[in-house]
Amino acid sequence: MLLEIKGLEKRFGGARALAGANLSVAAGSVHGLIGENGAGKSTLIKTLSGLVRPDAGDIRVDGAPIAISSVREAEALGFRFIHQELSLVPQFDAVENAFVGRAYPKRGPFIDRAAMRRAVAATAAAIAPDLPLDVPAGRLTTGQKQLVEIIRALMNEPARLVVMDEPTASLSEGEARRLHEAVRALAARGVAVIYISHRLDEVAEICDAFTVLRNGATAGTGVMQGTTRADLVRMMSGHEEITSGRPSVPAVGKPVLEVRDLPFGQRGNTLSLTVGEGEILGLYGLVGAGRSSLMKMIWGARRTEGGTVFLDGHVLKPGDIHARIRRGGAYVPEDRRHEGLVTARSIAENVAISDLSRVRSHPALPVTSRGRLAARAEDIRTQLSVKMGSPWALPLTLSGGNQQKLLFGRWFGGRIRLLILDEPTRGVDVGAKAEIHAIVRRIAAEGAAVLMTTSDMDELLALSHRVAVFANGEITARLEGEAITPPRIIDAAFHHETRREPAA
Amino acid sequence: TDITILTPYIGSVPTNEMAQSFKAEGEKRGWNVTIIDTRSDFGQLASRMEDTINAKASAIVLVSTDPAQVEDQVALAANAGIPVISLDGSKNAHVAVNVTSNNFDLGTQLSDALFKALGGKGNIVKFFHSAHPGVHQRELALDEALKKNPDVKVIADHFVKVPGPVDDGRIAMENILRQHGDEINGVWAAWDDPGVGAELATESEKPDAKFIIMGIDGSEQAIEMIKSCTRYKATFRQDFPKMAAVGAEQLEKILGGGKADKDELFVPAVMITPETLGVTCP
Amino acid sequence: MTGLVRQYGTLIALIAIVVVFSIASPGAFGSMSNLVNITQQMTLLAIVAIGATVVMAVGEFDLSTASIVSFGGIFVVYLLKLGVPAPLACFLVLAVAALFGAVSGYVVSRFQVLSFIATLATGTIIGGITFWVSDGATLLGDIPAGFRDMARGHMLGLPTLTWWLIAIALVVWILLDKLEFGRRLYAIGGNREAARLAGVRIVSNTTAAFVVSAVLSALVGILLTARIGSASPTGGGGYLLTAYAAVFLGMTAFREGEANLPGTVVGAAIIAVIGNGLTILGVSTFLQDIITGTIILSAVLVRRIGRGAA
Amino acid sequence: MTGLVRQYGTLIALIAIVVVFSIASPGAFGSMSNLVNITQQMTLLAIVAIGATVVMAVGEFDLSTASIVSFGGIFVVYLLKLGVPAPLACFLVLAVAALFGAVSGYVVSRFQVLSFIATLATGTIIGGITFWVSDGATLLGDIPAGFRDMARGHMLGLPTLTWWLIAIALVVWILLDKLEFGRRLYAIGGNREAARLAGVRIVSNTTAAFVVSAVLSALVGILLTARIGSASPTGGGGYLLTAYAAVFLGMTAFREGEANLPGTVVGAAIIAVIGNGLTILGVSTFLQDIITGTIILSAVLVRRIGRGAA
Ligand SMILES: Nc1ncnc2c1ncn2[C@@H]1O[C@H](COP(=O)(O)OP(=O)(O)OP(=O)(O)O)[C@@H](O)[C@H]1O
Ligand SMILES: Nc1ncnc2c1ncn2[C@@H]1O[C@H](COP(=O)(O)OP(=O)(O)OP(=O)(O)O)[C@@H](O)[C@H]1O
Ligand SMILES: [Mg+2]
Ligand SMILES: [Mg+2]
C-alpha cells in the first residue's frame, strides 16, 4: 500500500471532526472518499498535507510510519493537493498561481516566465484548452478557478499521490470529462488518486475503490465494482436515498421576469427571456459561458449597456438591488464564501441582512432586536433543518451544505416573486441537495419564478421545467419537456465555433 | 522682485508672525513675497530651496531655521548670486545677515528672571523641545543658569510634543501636579505654548497653587494670562515685527547693490510682566 | 484562564497597567481624582478614535481626520471672532465638516478609490483651507467664556469633557450595535460584495460613516479649542496615528479583527493611562516612548498567548 | 482611448502635470536642469516609498518607517562623532535597522498581530531610542565631507542622489519582479492562506520584507543627513504618510490593487513634481495644499473614467 491511515482522530475544541478514520490507497488506483457534509473528509486530507495535526492514529507511507508537519514535507513526499476551498492569489494569473510554493524554472538567478508558461500550457492543453492563462484569477469564474487549481496540482514533477477535494463541484460535463481522463491517465502512470466528490455517479464511474466516512469514522470501504449508488448512500447516511424525480410540469402563470434585448456577450448580440409564475428555468453551459454574468445583470449587480428587465411588469433600474428586493426578488450567489456570507458576522445577522426591518424591536424604530434576530435564525433552522449550534456562531463553523442553506434562509419570511439561483448546491451532499431541491420546488409552487444556473446535469434535469443552454455569451438552445436530454444539452453547450474541441 | 520666505515651522506663533510681518514689509517696498512652509521637514526644505533657486528668485529669507541645517542649499543660492538672509536663525558664511534675538540670551534672561522671582531657590518644572535648535539653545542656557544656582532644582520635565503643544503641555502639567503638586515653585517654559497649557492645567486642577510660570515669545494667550494676574508672570517677547523690519531693511540694501551692516544683528527681547502691561496684581 | 486571557486580553492589560501604576504611585496615580482626570484627558483622543471606529466598521480608513480636527478648531474661532453666536458657530463648523466627510465617503464608495489615498488627498485640501482661513497663524482671543465652558469645569462630580465622552460613546454604541445602520456598516466592512448582493446600499451607508467620523473630528476641534483657549492650524496633527492606534488596540481587545466601540474606548484608555502614569512617575520622555511602545506591543501580544503559529 | 486612460491613468496624469507646469513656466520648471533636479528631490521620498512597497507586497503596513529614517540620521551622526569611519558607521546603522525590521516582521507574521498596531509600537520604541541617542537635540557638525559626498554633487551628468534612486529602484524591481522572493511576497500579500496552503514560508518571507523596508528607511536617514548636513530626531516624520501616498498612487497607476515598483516611482514623481512646480510658480503654501490634494484626487479618479458604479 502506498498510503495507510489507521485510527485517525482530531478534535476542534468540542467538535469531533475525525473519530477513528481508516483509509488505504494503493498506487495506480483511484480511490473515492465520500461522506456527508461535515463527515470529516477535508479534515482527513488536511492531516496528509500537514495543515492539521491529528490527535491520535498513524499514517504510513510505503509501510513506514510518518509524521507530516508541514505542506513542504507533504510536497516532498510527492503528495499534491486540490483543496476544497479555492485558494488562489487573486492578482496572479493561471501561470503564476500554478507556481506558488513550487520550484520556479530559472534562467540564472531570474525566474523564467516563458518556461513557466510553457509548463502550464502543456498541462492546460489536456485539461482546459479554453482557459485563459493570462487573466488574473480574481477575474476568473468559479469554474475557471477550479480548473487553475487542477492544473496546479497536475503540473510538472512526478507526483505519487494526488488528492482532489471536490474538483468538479463547479465544473460542467465537458470539463469534468476531461478531468476524468486526466485522472485515469495519472492512475495508468502508477500515481494514486484520492477523489472526493458529492457527485456519486461520477465517483462510481472513475473510482476503483472507495471509502465512506460517517461522523469522522470509516463506515465502509471496498472496491467500486459491484457497488451501487444506493449502497453508497446507505453507508453515508444510514438510510435510503430520497430521490426527487423529474418535476411535474407546472401550470405556468403570467410572466414574472421578463428580460428584453439585454446586450450580452462580446459580439454585440442581445438576449431576451421570460420566466412565468411557478416556473423553473435552468441555465446550462460550460465554464465561463456567461451564466453568472447574466444573473448578476438581472439582479442589478453588474452593469448593462441597455436592454430592459421587468419584474411583475415593473421596469427594474440597473444597479438598484434594493428595489428588486422590495419587489420580491431573491438571489443566491455562486460563491458563498466571497459573495454570500459576511463571515465575520453571526449566523443570525447573515440571515437578516437583506431585510433588517423584519427584525426590528418595534416596527417604527430602526433598532435591531437581538431577540428577533435569534428568533429568525431559529425559525430558519427549523424550516430548512440547518445543523447549527447557536445563532450567534460564525457561519464558517458550519459545514458547506449548511452554509448554503443559510443563503436560502436569508430570503425566507417574505413573499418571493423571483428567485435567482447560481449553483444552489455547490459542494452539498446528496441528502442536503434533496432538501434544497424541495425548498426550491416549494418556492416555485408558491408562485415564484425561478431562474437557476447549475453545472450539475442531474440537478438541471431534476429541477428545470425549461432549459436554456449558453455557449460563449449566447443562448444556443432552448429546450422544453421531453426535449430536455443530456445529449442535446451537451451538444448545444459545445455548439460554438470558437470552441476548439467538440464534445467527446 | 520675487522674495521667497522658507520655513519649516509656519504653524508656530512667532515664526508665523515674523513671516507675515516680513511679507507686509516687503509688500510696502513693492516686493512680491511668497511664504513656503515644509511642515517640520528639512529634506523638503532643502528641495523647496533648490526650487526657489531654480526659479531665480531675487532673494531668500529663511525663518526659524539654522542655515547649517540646509548648508548646501544655502551655498547653492550664494553661488547663484541669490542673497539669503536669516530671521531667528544663526549666522553662516553664505548668509548675508542673521537677524535674531539670541536664543541663548533669551534662555538666560528667562532663567535669571525666574530664579530671581524664586529668591534663588526652589523647585521648577521644565518644558522643552530640544529637536528645535533655537529652542534647544534656551535649554542650554537654563543648564548654565542652574549650575550657577545650585538651590534651584528641576523636579520634573517634559518634552513637549508638536503639533498640539498647548494641550500636550496641559496634560503633562495635570499629571505633574498630581505627583509634585505642593513642591512646585516655578514653571520654566521654553516657549509660551506649554506654559499656557501649564497655567490652564493648574487653573482647573489646583486653583490655589501659588507657583509662577514664565515663558518666551509673548504669545497673545500668555499676555492675556499675565494681564489677568494668573500664575503667568512674565514672557520674553522677541520683537518679531522689528526683526522682520530690520531684515527687510538689510535686504533692501543688499538688493540695491550694497552690503548688510553686519553678519548678525540682534533685536533685543522685551520682558512683559503685569507691570509693563499696566496692571497691578494683588 | 488562557481562555480568559484570549478573550479579554487587552482589557486585562489595561487593568494590569492601572494596577502597576497604582502600586508604583498610590498617592498620585491611584487617587480617585487622578483616575477621574484620566477620563478627561482621554476624551478628545477617544472621540476621534470613535469616529475612526465608525469608518473602520465599513472597512475603510479616514486619514483626513487630523485635518478636520484642526479645521474645526480654527473655523470655530474664526466664526466667533466674526461675532457669530457660539451655538450657531458650532453648528456651522459641524455642517461644513459633514460636507467634507460626505465628499470623502462618496469618492471612496462611488468610485472605489482606495480610502487611504482619497482621504489623504481630501485631508491635504482641508489642511490648505484651514491654513487659508487662519493665515497659518494660531488664532486666539475673543473666545466667549460660555463657549469655553463646553470643555471646562465639572458637572455632577465629573469633568464636563468626561460627560462628552460618555454621551458620544453611548450614541455611537447605539448607532453601531443597536441600529440597523450599524449592522449595515459591519456587513459592508465584513464583505462588501456580499453586502451589496444582499441589497445593502454601499454608497449611502459608506458616505454616512465618513460623515459621522468627520463630524466627530470637528467636534474634537471645537472641544480642544474650548479646552485650551486657542486654535492652531496644525493642532489636530497628533491625533491621527494615536486615534488609529486606539482603534487597532480595541480590535485586538474584543471582537477579533473588527473595529468596535468598547474596544476603542479601552484602547484610548490604555494610551491615556500610560501617558498619565509615566509622567506622574517622572519618567523621561525618551524612556516614556520606549515603555509606551513596549506596553502596547505586550497588550496586543497577550491575546496570542497559547495561540497557534502562523 | 478610455482603455488607455484606464490602464495608464496615473502615468498620464504625471505627464499631464509636467506638461502643464512646463507651459506655465517654460524657463524655470521646464528647463532640463530643473527636471533633473526633481529626480534628485524625489529620491529620498521614493526610496522610503520603495521600502513601503515591499512591505505592502506582503499585504502589511510598516508605520515604523518614519522613526527608522530619523534613527538612521541620528545614529550615523552619533557614530561619526565618535570617530567611527563613515563606511563602518553606515554599515552599523543599516545592520541595526535590519534588526528593527526583523523584530517588527517577526512579531507581525509569527503572532499575526495587525501590522498597523505592531509597527506603531515598534516605531514608538525606535523613536525613544533615537531621542535617547541624540538627547533629543538636532545633531550637526563634525560630519566628514567624504560622507556628505554620498548625497552631493554629480556623477556622469546626473546628481549622485538620482543614481541612488536608480540603483535602488533597479535592485528592488529585480527583487520583486524577477526573483522567486518577490513572487513569494506577492503570493502572501494576495492570499496569505493560499500561500500557506501552497507551502510558502510566511514568517521568514514576511520578516525579510520588513527587513528590506527598514534597511531602505535607514539608508534614507543616512542620505538625508548627508544631503542637509544635520540630523534631527524627528527628521523622518514627514515621510510616513507621503511615502504611503506614493505607494497608493502607484497602486492605482499600474497593477490594480497591488503595490508595485514602477507605480511607486511614478507616485513619488507626481508628489515631487507638484511640490517643485508649485514652488517655482510661487504659489503660497496654503494654496499648494489645496492644489496638491486636488491633483492627487484627480490622478486616482482619472482611472475610474467610464468604470462601473459601486
Ligand atoms: N478549523 C475548524 N474548527 C472547528 N471545526 C472544524 C474545523 N474544521 C472542520 N471542523 C469541523 O469538523 C467537521 C468535519 O469537517 P470537514 O470539513 O472535514 O467535513 P467534510 O467531510 O469535508 O464536509 P464537506 O462535504 O461539507 O466539505 C465538521 O463538523 C466541521 O464543522
Ligand atoms: N469580474 C470579472 N471581470 C472580468 N471578467 C469576468 C469577471 N467575471 C467573469 N468574467 C468573464 O466573463 C465570462 C463569463 O463569466 P461568468 O461568470 O458569467 O461565467 P459562468 O458561465 O458563470 O461560468 P462558471 O460556470 O465558471 O461560473 C468569463 O469568460 C469570465 O472570464
Ligand atoms: Mg470538505
Ligand atoms: Mg458561474
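Values reported hereafter were calculated over all heavy atoms of this structure, with side chains retained and with hydrogens, waters and symmetry mates removed.
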* Asked: How far apart are the closest heavy atoms of D:Gly282 and B:Thr34, and which atoms are they?
  -> O-CG2, 3.3 Å
* Determine the option with the most heavy-atom pairs under 4.5 angstrom with chain B, choosing from D:Ala137, D:Ser230, D:Gly238. => D:Ala137
* Asked: Which region of D:Ala231, side chain (C-beta onward) or backbone (N, CA, C, O), has a non-hydrogen atom less than 4.5 Å from a non-hydrogen atom of chain B, or is it both or neither?
  -> neither
* B:Phe104 atom CZ, over 12 foreign heavy atoms within 6.0 Å -> yes
* Please flag which part of D:Asp135 lies under 4.5 Å from any non-hydrogen atom of chain B: side chain, backbone, both or neither. => backbone
* Any chance you could lay out the salt bridge (Lys or Arg N to Asp or Glu O under 4.0 Å) test for D:Arg152 and B:Asp72, step after step, and finish with the verdict? => CA-CA 8 Å; D:Arg152 288 197 298 196; B:Asp72 288 358; 3.1 Å; yes
* **Largest heavy-atom contact set with chain B, pairs under 4.5 Å, which of D:Asn276, D:Ile38, D:Ile280** => D:Asn276
* Structure fact -> If one checks every heavy atom of B:Asp2 against chain D at 4.5 Å, the contacting part turns out to be neither
* If every non-hydrogen atom of B:Thr52 is compared with every non-hydrogen atom of D:Thr279, which pair is closest and at what distance? -> OG1-CG2, 3.9 Å
* Contact class of D:Phe29 relative to chain B, heavy atoms under 4.5 angstrom -> neither
* To do: Name the member of B:Val70, B:Asp41, B:Ile35 that forms the most heavy-atom pairs with chain D at distances under 4.5 Å.
  => B:Ile35
* Find the one option among B:Ala55, B:Ala46, B:Ala68, B:Ser47 whose heavy-atom pairs under 4.5 Å with chain D are most numerous. => B:Ser47
* To do: State whether a side-chain donor-acceptor pair under 3.5 Å links D:Asn34 with B:Glu50.
  => no
* Could you tell me which of B:Glu71, B:His136, B:Gln44, B:Arg48 has the largest number of non-hydrogen atom pairs under 4.5 Å with chain D? => B:Arg48
* Are more than 12 heavy atoms from other residues, nucleotides or ligands located less than 6.0 Å from atom NZ of B:Lys153? -> no
* Structure fact -> Value for OG (D:Ser284) from CD1 (B:Ile5), rounded to nearest 0.5 Å, stands at 11.5 Å
* Is chain B contacted by the side chain of D:Leu44, its backbone, both, or neither, given a heavy-atom distance below 4.5 Å? -> neither
* To do: Show your working on side-chain contact (heavy atoms from CB on, under 4.5 Å) between B:Gln69 and D:Thr138 and close with a plain yes or no.
  => CA-CA 9 Å; B:Gln69 284 178 281; D:Thr138 298; 3.6 Å; yes
* To do: Determine whether D:Gln41 and B:Asp51 make a side-chain contact, defined as any pair of heavy atoms from C-beta on separated by less than 4.5 Å.
  => yes
* Heavy-atom pairs under 4.5 Å with chain B, option from D:Gln40, D:Met42, D:Arg148 with the top count -> D:Arg148
* Under a 4.5 Å heavy-atom cutoff, which of D:Ser134, D:Gly136, D:Gly237 has the most pairs with chain B? -> D:Gly136
* **Approximate separation, where rounding is to 0.5 Å, of B:Phe42 CZ and D:Thr234 OG1** => 8.0 Å
* Atom CD1 of B:Ile53 and atom OG of D:Ser33: how far apart are they, to the nearest 0.5 Å? -> 11.0 Å
